[in-house]
Undergrad: 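Got a structure for you, written out below as structure tokens; questions coming shortly.
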Amino acid sequence: MSVYFYKARNCWRCSWYEDSRKHYRYFKTKEEALAFDRERLACACSDSTRLTLGELVVLFYRSNQVHAKTKRNVIYFLAGHEQNGQHIAGLGEFLRDKYADSLTRIDLEAMREIMRSRQLSNTTINKHQSYIHAILAWGVEEQLIPRNPWRDFRRLKAPRKIISTTLADVQRIISVAPDWLSWAILTTYALAMRPGIVELFSLTWDAFNWRLGVVQYRQGKSGAVKRVVPPVWYIDQALPRYKADMAAGIPWVCHRAGRRVLCYQDAWRKAVADAGLSGIRFYDVRHVSASEMLAAGADLPAVSAQLGHSSPHTTATVYAHAIPGAQQQAASLIPSLLPLKK
């Protein structure tokens, strides 16, 4: 946030970066500070066609259907927040007024260092790096910036979560979940989807090609189009739901009494608890789907396509444990180690 109440001086302050330095102006009222900030931004835009990261973020939100939680996270990250009457600087606030196409590796490392100083994990650091990367990539696609300067910067190594959820666990959860949630779980499992507002609860019936027996939609994580072939048993259950929803004018595949689902976490947690389980995420259902396909002997590239992974190598890395006999076969190739005779 470039305009905020500055408690130390009991006034409003406007801050911005210019020529790699941070500048401040102080005002008696919020309206004066906002007016100055608007004028400053207008002058900056008229002086150059180059966009700052902050300006690119604004255009990104105006042109895309961005999930509200993601929007809050990025705004919190770039603008900071108010706490006990004081402004807490955002983790990436210093990036906001830099030109989007000229962000450097030094900027990335500075961002990481700030996050480390707040004792945030590599997983969290990677998440915010991904937010910026996605916005920059969109800017290139829309020809708003000439290049994505963070395109080739790898993410930090982070420990991968060990998934121990089984098919039996998911079945127990479905048996106690309300109907709308049970159908959402079933859809996640059958289509190997990423659950959540961005993908699962945004899926509409027009993604279904009933003649070809495929479902095609744009993935929330990568933006790539995913084409998945649902199992026959799912199609048999989906078709009557489709007809009923079309008659009622309901476009969403997974909904709650005809209303779009915008919050599901409480219902999921209750269903997990009612099933006598704990520590299971909705996302684990997708992992169970992939593990079951591989354990049954499905072809690795085919499972990769069902998951929407960019390559089978990604699938093999995550689900090597589920490929039947792979480790046993590897172990059998190790020659016997016998002591040498004296």
Side-chain angles (χ1 to χ4, degrees), residues 67 69 161-205 207-208 210 213-215 217 219-221 226 228-246 248 250-298 302-303 305-309 315 318-319 321-322 324:
H67 182 229
K69 183 178 180 181
K161 180 179 173 62
I162 299 175
I163 308 298
S164 58
T165 306
T166 65
L167 179 61
D169 293 334
V170 178
Q171 290 171 324
R172 288 172 62 180
I173 296 170
I174 283 182
S175 67
V176 298
D179 178 70
W180 69 270
L181 183 57
S182 293
W183 175 245
I185 296 170
L186 204 65
T187 300
T188 299
Y189 178 74
L191 303 183
M193 293 190 74
R194 295 180 179 88
I197 308 300
V198 175
E199 198 159 302
L200 174 65
F201 293 112
S202 293
L203 183 68
T204 53
W205 285 116
F208 284 63
W210 301 102
V214 299
V215 178
Y217 61 91
Q219 298 180 93
K221 183 177 181 179
K226 172 181 172 180
V228 60
V229 180
V232 175
W233 57 261
Y234 177 78
I235 290 293
D236 291 341
Q237 295 185 51
L239 190 55
R241 286 179 176 267
Y242 162 74
K243 293 178 179 178
D245 286 347
M246 289 298 97
I250 301 171
W252 301 290
V253 177
C254 299
H255 55 85
R256 192 171 186 174
R259 298 188 302 273
R260 187 178 182 184
V261 177
L262 298 176
C263 183
Y264 62 91
Q265 291 89 344
D266 290 343
W268 170 260
R269 284 191 287 265
K270 184 179 185 304
V272 171
D274 290 346
L277 302 169
S278 62
I280 296 180
R281 308 170 305 163
F282 202 162
Y283 202 98
D284 293 348
V285 177
R286 170 177 158 91
H287 288 297
V288 170
S289 175
S291 297
E292 289 297 320
M293 284 187 283
L294 290 168
V303 175
Q306 291 285 93
L307 291 167
H309 283 166
T315 311
V318 178
Y319 298 102
H321 65 280

Undergrad: Which residues pass the ring pair (Phe, Tyr, Trp, His ring centres under 6.0 Å) test with H309, sequence neighbours left out?
TA: none
Undergrad: Please identify each residue that fulfils salt bridge (charged side-chain N to carboxylate O under 4.0 Å, His left out) with K270, with sequence neighbours left out.
TA: D274
Undergrad: Looking only at heavy atoms, what is the nearest atom pair of K226 and L191, with distance?
TA: NZ-O, 2.9 Å
Undergrad: For residues 168-180, pull every pair meeting salt bridge (charged side-chain N to carboxylate O under 4.0 Å, His left out), keeping only residues two or more places apart or in separate chains.
TA: D179-R241
Undergrad: Test of understanding: with side-chain hydrogen bond (donor to acceptor under 3.5 Å, both in side chains), list the residues that count as partners of D236, not counting sequence neighbours.
TA: none
Undergrad: Identify, with sequence neighbours excluded, every residue that meets side-chain hydrogen bond (donor to acceptor under 3.5 Å, both in side chains) alongside S182.
TA: none
Undergrad: Under 3.5 Å, is there a donor-acceptor pair between the side chain of Q219 and the main chain of G308?
TA: yes
Undergrad: Looking at CG of L239 and CD1 of I235, how far apart are the two atoms once the value is rounded to the nearest 0.5 Å?
TA: 8.0 Å
Undergrad: I need the M193 CE to T188 OG1 distance, nearest 0.5 Å.
TA: 6.5 Å
Undergrad: Could you grab the distance from atom SG of C254 to atom CG of L203, nearest 0.5 Å is fine?
TA: 6.5 Å
Undergrad: Please name all residues satisfying ring pair (Phe, Tyr, Trp, His ring centres under 6.0 Å) with Y217, sequence neighbours left out, ordered by chain then number.
TA: none
Undergrad: A side-chain contact here means heavy atoms from C-beta on lying under 4.5 Å apart; do V285 and P195 qualify?
TA: no
Undergrad: Work out which heavy atom in L200 is nearest to a heavy atom in A184; give both atom names and the distance.
TA: CD2-O, 3.8 Å
Undergrad: Could you check whether any side-chain heavy atom of V215 comes within less than 4.5 Å of a side-chain heavy atom of W205, counting everything from C-beta outward?
TA: no
Undergrad: Got a sec, which residues hit side-chain contact (heavy atoms from CB on, under 4.5 Å) with V229, two or more places apart in sequence or on another chain?
TA: V214, Q306
Undergrad: Between the side chain of W268 and the main-chain N/O of I280, is any donor-acceptor distance below 3.5 Å?
TA: yes
Undergrad: Shortest non-hydrogen contact from I185 to A177?
TA: CD1-CB, 4.5 Å
Undergrad: Could you tell me which non-hydrogen atom of I173 sits nearest to which non-hydrogen atom of A271, and how far apart they are?
TA: CG2-CB, 3.9 Å
Undergrad: If you compare all heavy atoms of A267 against all heavy atoms of L181, which two are closest, and at what distance to 0.1 Å?
TA: O-CD2, 3.6 Å
Undergrad: Report yes if some heavy atom in the side chain of H287 is under 4.5 Å from a heavy atom in the side chain of T165; otherwise report no.
TA: no
Undergrad: Ring-plane angle category for F282 and F201, please: parallel below 30°, perpendicular beyond 60°, tilted otherwise.
TA: perpendicular
Undergrad: Compare every heavy atom of M246 with every heavy atom of I250, then report the nearest pair and how far apart it is.
TA: O-CE, 3.3 Å
Undergrad: Under the side-chain contact (heavy atoms from CB on, under 4.5 Å) test, which residues partner A168, sequence neighbours left out?
TA: T166, Q171
Undergrad: For the residue pair I197 and Y264, establish whether any side-chain heavy-atom pair is separated by less than 4.5 Å.
TA: yes
Undergrad: Got a sec, which residues hit side-chain hydrogen bond (donor to acceptor under 3.5 Å, both in side chains) with W252, two or more places apart in sequence or on another chain?
TA: none
Undergrad: Taking salt bridge (charged side-chain N to carboxylate O under 4.0 Å, His left out) as the definition, give me every residue that meets it alongside D284, ordered by chain and number, with sequence neighbours left out.
TA: R281
Undergrad: Restricting to pairs with a member in residues 172-195, which pass ring pair (Phe, Tyr, Trp, His ring centres under 6.0 Å), not counting sequence neighbours?
TA: W183-Y234
Undergrad: I'd like to check the side-chain hydrogen bond (donor to acceptor under 3.5 Å, both in side chains) partners of S202; sequence neighbours left out, ordered by chain and number.
TA: R260
Undergrad: Within the structure provided, determine whether F208 and V253 are in side-chain contact (heavy-atom separation under 4.5 Å).
TA: yes
Undergrad: Using 0.5 Å steps for rounding, measure from the CZ atom of R286 to the OG atom of S291.
TA: 11.0 Å
